[in-house]
Amino acid sequence: MSTPRSAGTALIDAMLHAVWLVDSRDLCIVAANIAADVLMGAEPGDLIGRDMLELAATPEDLCFWNEVAAGLAETIESETWVRRTDGTAAPVTRRVSCLAAQAGAAEGRALYVVAMHDRSAERRAERELEAVAADLQATLESTADGILVTDLVGHIRSFNQRFAQLWSVPADLLMRRDDDAVLGCMRRGVPDPAGYMRRLAALDEPDALPATDVLTLASGQVLERVTMPQRSRGEVIGRVTSFRDITERVHASQRIETLSHNDALTGLPNRRCLADRIEQSLATARRDGTPFALLHLDLDRFKPINDTLGQALGDRVLVDVAERIKGCVREIDTVARLGSDEFVVLAQRSDAAGAEATARRVLEALQASFTQGGMSFTVTASIGIALYPEHGGSLDELLSCADTAMHEAKGAGRGAFRLHQPRSALGDSGLRARMLLDHSMRQALAQQRFRLNYQPQVDMRTGQVLGAEALIRWRDPERGEVAPGQFIPVAEESGFIVAIGHWVLRQAVTQAALWRARGLSLVMSVNVSALQFQQPGFVEGVAAVLREAQLPPALLELELTESILVQDVNDALLRLQALAALGVRLAIDDFGTGYSSLSYLKRFPIGRLKIDRSFVAGLPADESDAALVNAIIHMGRALRLETVAEGVETEAQRQFLRQAGCEQFQGFLFAPALAVPDFEALLARSAAGQRVVQLHQR
Ligand code: C2E
Ligand code: MG
Ligand code: MG
């Protein structure tokens, strides 16, 4: 027969949960089922007689069983821990309830059923889930992308810090889960909220496929948005949207795009972009016959400007030039910079007349003086023009024609434009002609075909001849008399000017020494080209020539162009000081046409200014020439520099200059450049005539 106890044991053994029966009087276990043994890690029967106060693993349990002992409590249900026999704690959900006091049981004895559900596996799964979630969050936070997870109706399920940062979601909003406020932030972040919301809606269709688009925020930030459906067990449960900040990338590619099509300095289209536009114009022109023109512009003598001002200020001059050119063309035209000081204007719908008008406007725009680094100076340019269809049918042909024409403009004296002359009309390309001329020059020097003429330099008041300027002359057997204005630029370009210059110097110094030996102490003025001046050993060469001829250095004057003085200022200064130390006189030729700056006049040991004949030509009527010449003479006087006027052809000019205070002049009024016998004859005549001048002045 089974006892109540064994009946109870059989009953609880049938239960899935761990169950103890506890006697209320001593709080000891009277029965435990198999599940309880398993939970506690105990052998069958081991638990019988164990005290609840001993087994209680938490204060809550201890308290409960004490209350049971005092008859104050009967039930409890909560999650708690039990201490297993090996000392470890196991999480359980446990319910304790009191069975009614049993019949036949001793007075006051009651049985308590303690039922426990082992939660170890659940806890493990929860912990694993937490770990996974933490990993996931860490992953989310560690990505450089902002991530937003929404459910099917658009409620926000989660987002990472980067998302909040990209969309400027305030910190307090992150704490509150306020969808509307977060969406409000997103709406405010885009320049076109309504449009953005429409795009959002379209992309966010639950079954929409993964989609990518690019958003530009009001802040200028550019975000790439990738959105894809989030699935769970094959069903779409929401969307995951990631935002990547691609601002840098977009800007970089824009920069590259701009750089590859624009000149970095001036922002003008570059050679490649120009080529594209010319090809477009060619395509249009071939279709409907619209003519167009290319103007190839090259600054004259830009190098000295760059060398004087330094690269940075030189660059600003180029930017200024670019602006001026742009101001001379229409919207539809293109101004491009090919590099260094070369520009091209693509003049749409232009024939010869139109292109020439543009060229004139550009040259005029460049006439106003440039100011940079405290210096004012003039920049001139030479322009070559090629026309479609007259001069070529392709990009290369047209560019090459414009380039040739530009070089012709340079050869002809710079500061002007030239329309391309087709080969048949020219007979020879400009380049070939220059090569041939250079060859003839070399032969001329070897065969002593160069000669020097001397133009008297005359005292403005007394009419006395004080000096002479040596001017080179060349008669070629085939070409006839070739003007220095024609061959000197070619010699400068080829470098042959160095040899010519040296010959001129020796010849002129020798002549001066001859005259001196005959009692004529004339100052000999010799023109010196920039390239010649820059040659290593130039100063020593001058000293050697003077020594050889035994000419006192004070009887030699070197005429330098303003460009020499602004090229490599420090080097120029050293050379000029060395020449001045030799006792050689220094003059600036063609003063006023170059890079007029007071600063170099003060720094350099210059003795004279030669007023360019282009300013003298307009005297006395032309007001601006008159004002300019007056200013030069005044400035000369302030700086203790003598002034010599060039190209004086009329008595009126001489009068004006004399009254303005100019000391000397040379010009056809007195005499052109003369061969030695003519010069000497004139000198003999003027020695007599001088008295007449003096009489006049009295
Ligand atoms: P430049 O040094 O300014 O020389 C003055 C030019 O003005 C000379 O021209 C001269 O013949 C011209 N001329 C003189 N008086 C008058 C006048 O009353 N009216 C006009 N319209 N012209 C006048 P040229 O001889 O043709 O020389 C031209 C330029 O060639 C010179 O200008 C000079 O820059 C250069 N040149 C001449 N000889 C030499 C030389 O030996 N070496 C170098 N480097 N250049 C030279
Ligand atoms: Mg001269
Ligand atoms: Mg001159």
Side-chain angles (χ1 to χ4, degrees), residues 301 411-414 441 444-445 449-458 465 467-475 481-512 523-535 538 541-542 545 556-564 585-594 606 608-619 625 643-654 656-657 662 664-675 678-679 682:
R301 304 192 186 92
R414 302 183 162 101
M441 262 191 298
L445 188 66
R449 286 206 200 99
F450 286 119
R451 56 187 204 283
L452 287 184
N453 276 2
Y454 299 92
Q455 182 171 43
Q457 296 180 329
V458 188
V465 176
E469 177 177 4
L471 291 160
I472 195 164
R473 295 293 176 260
W474 171 27
R475 175 181 287 280
E481 196 70 34
V482 189
Q486 244 179 303
F487 65 84
I488 296 279
V490 177
E492 281 174 337
E493 206 176 86
S494 72
F496 190 54
I497 190 68
V498 177
I500 295 181
H502 191 68
W503 177 84
V504 171
L505 182 70
R506 283 185 62 165
Q507 188 73 15
V509 166
T510 307
Q511 183 59 56
V523 175
M524 179 62 77
S525 293
V526 175
N527 292 287
V528 174
S529 275
L531 191 65
Q532 186 189 352
F533 178 79
Q534 285 157 3
Q535 293 303 304
F538 172 71
V542 172
V545 167
L556 174 65
E557 178 178 69
L558 300 180
E559 293 192 5
L560 311 167
T561 60
E562 290 176 78
S563 65
I564 289 182
R585 298 175 188 227
L586 299 167
I588 297 179
D589 202 358
D590 306 340
F591 188 78
T593 57
I606 306 291
R608 303 214 286 186
L609 300 180
K610 298 192 71 176
I611 304 169
D612 191 65
R613 65 175 188 269
S614 62
F615 306 128
V616 173
L619 297 182
D625 281 354
T643 43
V644 186
E646 296 178 323
V648 177
E649 295 180 351
T650 68
E651 184 53 29
Q653 290 169 343
R654 192 186 73 90
F656 180 96
L657 288 158
C662 177
Q664 289 184 33
F665 76 97
Q666 59 186 89
F668 298 164
L669 175 67
F670 190 83
L674 301 166
D678 297 335
F679 186 88
L682 178 101

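Numbers here are sequence positions counted from 1. Whatever order the structure lists ligands and atoms in, that order sets their numbers, starting from 1.
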- Task: Using 2.8 Å as a strict upper limit, say whether an N, O or S atom of Ser525 approaches the Mg ion (ligand 2) that closely.
- Result: no

- Task: Report the part of Gln532 (side chain from C-beta onward, or backbone N, CA, C, O) that has a heavy atom under 4.0 Å from ligand 1; answer both or neither where that applies.
- Result: neither

- Task: For the pair Phe679 and Tyr454, name the ring-plane relationship: parallel under 30°, tilted 30 to 60°, perpendicular over 60°.
- Result: perpendicular

- Query: How about Arg414: does its CZ atom have over 12 heavy atoms from other parts shown lying under 6.0 Å from it?
  - Reply: yes

- Give the C-alpha distance, both sets of side-chain angles, the deciding distance and a yes or no for side chain to side chain contact (heavy atoms under 4.5 Å, CB included) between Asp589 and Glu646. CA-CA 9 Å; Asp589 202 358; Glu646 296 178 323; 2.6 Å; yes

- Message: I'd like to know if the side chain of Gln457 pairs up with that of Gln666 as donor and acceptor (distance under 3.5 Å, no hydrogens or angles considered).
- Response: yes

- Query: So is Asp590 polar-close to ligand 1, meaning N/O to N/O under 3.5 Å?
  - Reply: yes

- Message: Show the nearest heavy-atom pair for residues Pro672 and Pro456, with the distance to one decimal.
- Response: O-CD, 3.8 Å

- Message: Could you identify the N, O or S atom of Asp589 positioned closest to the Mg ion (ligand 2)?
- Response: OD2

- Please report the closest heavy-atom contact between Arg451 and Arg475, naming both atoms and the distance. NH1-N, 3.8 Å

- Message: I'd like to know if the side chain of Thr650 and the backbone of Gln653 have a donor-acceptor N/O pair within less than 3.5 Å.
- Response: yes

- Would you mind running through ligand 1 and noting each atom that sits below 4.0 Å from a heavy atom of Val504? 41 (O)

- Message: Does either side chain, that of Glu557 or that of Ser525, offer a donor lying less than 3.5 Å from an acceptor on the other one?
- Response: yes

- Numbered atoms and elements of ligand 1 in range of Arg473, under 4.0 angstrom, heavy atoms: 11 (O), 25 (O)

- Query: Which pair of non-hydrogen atoms, one from Gln532 and one from Asn527, has the smallest distance, and what is that distance?
  - Reply: OE1-O, 4.2 Å

- Under 4.0 Å, heavy atoms only, figure out whether ligand 1 is touched by the backbone of Asn527, its side chain, both or neither. both

- Task: Could you give me the CA-CA distance, side-chain angles and deciding distance for Phe670 and Gln455, then say whether side chain to side chain contact (heavy atoms under 4.5 Å, CB included) is met?
- Result: CA-CA 9 Å; Phe670 190 83; Gln455 182 171 43; over 6 Å; no

- Of the side chain and backbone of Gln455, name the one, both, or neither that has a heavy atom under 4.0 Å from an atom of ligand 1. side chain

- Is ligand 1 under 4.0 Å from a heavy atom in the side chain of Glu646, in the backbone, in both, or in neither? side chain

- Please confirm whether Val528 comes within less than 3.5 Å of ligand 1 when only nitrogen or oxygen atoms on both sides are compared. no

- Could you label the plane-to-plane angle of the Phe487 and Trp474 rings as parallel, tilted or perpendicular, counting under 30° as parallel and over 60° as perpendicular? perpendicular

- Query: How is the N/O/S atom of Glu559 that comes nearest to the Mg ion (ligand 2) named?
  - Reply: OE1

- If you measure from each heavy atom of Glu469 to ligand 1, is any distance below 4.0 Å? yes

- One finds that the ligand 1 atoms under 4.0 Å from a non-hydrogen atom of Ser529 are 44 (N)

- Item | Atoms in ligand 1 flagged as close to Gly667, the criterion being non-hydrogen separation under 4.0 Å | 15 (N), 18 (O)

- Query: Any idea which part of Val526 is under 4.0 Å from ligand 1, heavy-atom wise: side chain, backbone, both or neither?
  - Reply: neither

- Atom of Glu469 nearest the Mg ion (ligand 2) (restricted to N/O/S, atom name only): OE2

- ligand 1 atoms nearer than 4.0 angstrom to some heavy atom of Glu649 are 17 (C), 18 (O), 19 (N), 20 (C), 21 (N)

